[in-house]
Amino acid sequence: MSKKYVIANFKMNKLDSEIVDYVNSLKPLVKDATSEVILSVPFVSIKTAVESAQNSNILIAGQTLNENDFGAYTGEVNAEMLCSVGASAVLVGHSERRSHFKETDKEVNKKIMKSLRSGLVSILCIGETLFDKKNNLTQNVLQKQITECLNSIYANELSHIVIAYEPVWAIGTGITASCDEIEKAITTIRTMLVNLYDEKIAQAVNIVYGGSINEKNIKEIAKIKGIDGVLVGGASLDPTSFSKIVMEFNTKEKKTKKAK
Ligand code: 13P
């Protein structure tokens, strides 16, 4: 059974001290989680979050990175810097980066390469806009994003990539994609990976869903065939809500073990 990922994206929320309180509250609530629990926090709080999460099963991630090594890129942070403060993963190509900061698939591709080759897990975000959806372009958009973002990524690197299917129209809107839509998108993405790589490699890639997840709708979403977890924005800001989402992905094996 593949590992599940439950990832929080704090976006530009929470002060450093609030992140310490958050991690301290979350730790006991998710201590029995069988999934990878990852918090993507603002750059300035990565080190504090890593320290607060010591001796727990919580990992810390960045929300983006610059694809260059060191140099004159004022305000930017690269993969080595993320690693040096203890980050384990990084979000790449989030739709807010694509829309506000005009990140292209080619840039996202370079960011993935840099993050993977520095030892970070890359959480690649893809998904169609409402315009794409209304014009039946979802398949084409996903195909372009997958092909360009994974260009020159070796098969053996794919196990360090999590693909987050986040339809832009579902992010922060309170409108979740239907279970059918999510299942179809996951199947489509996996088929694309089979075509680019092969069946075995494609099956090993973790594909998660993001977009208006909350502690109520997670029960149905967690049951979707082929889903390997979720990426949560708004509902991740409260540790209790987020822990309920995390525990929805706990495998039965662990629960049975605990009951003994
Ligand atoms: P919401 O859960 O607030 O819709 O945000 C989703 C998201 O963008 C996670 O990266």
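Fair warning: this is a prediction, and the values are worked out from it, not measured in the lab. Scope of the values below: all heavy atoms of this structure, side chains included, with no hydrogens, waters or symmetry mates. Order of appearance sets the numbers: ligands from 1, and atoms from 1 within every ligand.
In this model, no donor atom of one side chain and acceptor atom of the other lie less than 3.5 Å apart for E80 and S118. Side-chain N/O atoms of E199 and Q203 include a donor and acceptor closer than 3.5 Å.
Other residues, nucleotides and ligands contribute only 12 or fewer heavy atoms inside 6.0 Å of the NZ atom of K47.
In summary, the atoms of ligand 1 found under 4.0 Å from a heavy atom of G234, numbered by their order in the structure, are 1 (P), 2 (O), 3 (O). Ligand 1 places these atoms under 4.0 Å from at least one heavy atom of A170: 4 (O). Atoms of ligand 1 lying under 4.0 Å from at least one heavy atom of G233, given by number and element, are 1 (P), 2 (O), 3 (O), 5 (O), 6 (C), 9 (C). Short contacts between ligand 1 and G211, defined as distances under 4.0 Å to a heavy atom of the residue, involve ligand atoms 4 (O).
In this structure, G210 falls outside the shell of residues with a heavy atom less than 4.0 angstrom from ligand 1.
At least one N/O-N/O distance between K11 and ligand 1 falls below 3.5 Å. Considering backbone and side-chain N/O atoms, I171 never comes within less than 3.5 Å of an N/O atom of ligand 1.
When hydrogens are left out, the protein atom nearest atom 7 (C) of ligand 1 is E166 OE2, 3.1 Å; that is the closest non-hydrogen contact.
The main-chain N or O of T129 is found under 3.5 Å from a side-chain atom of D132 such that the two form a donor-acceptor pair. Put simply, the side chain of N206 never gets that close to the backbone of G229: no donor and acceptor are under 3.5 Å apart.
Side-chain atoms of L82 and V77, non-hydrogen and from C-beta on, do get closer than 4.5 Å to each other.
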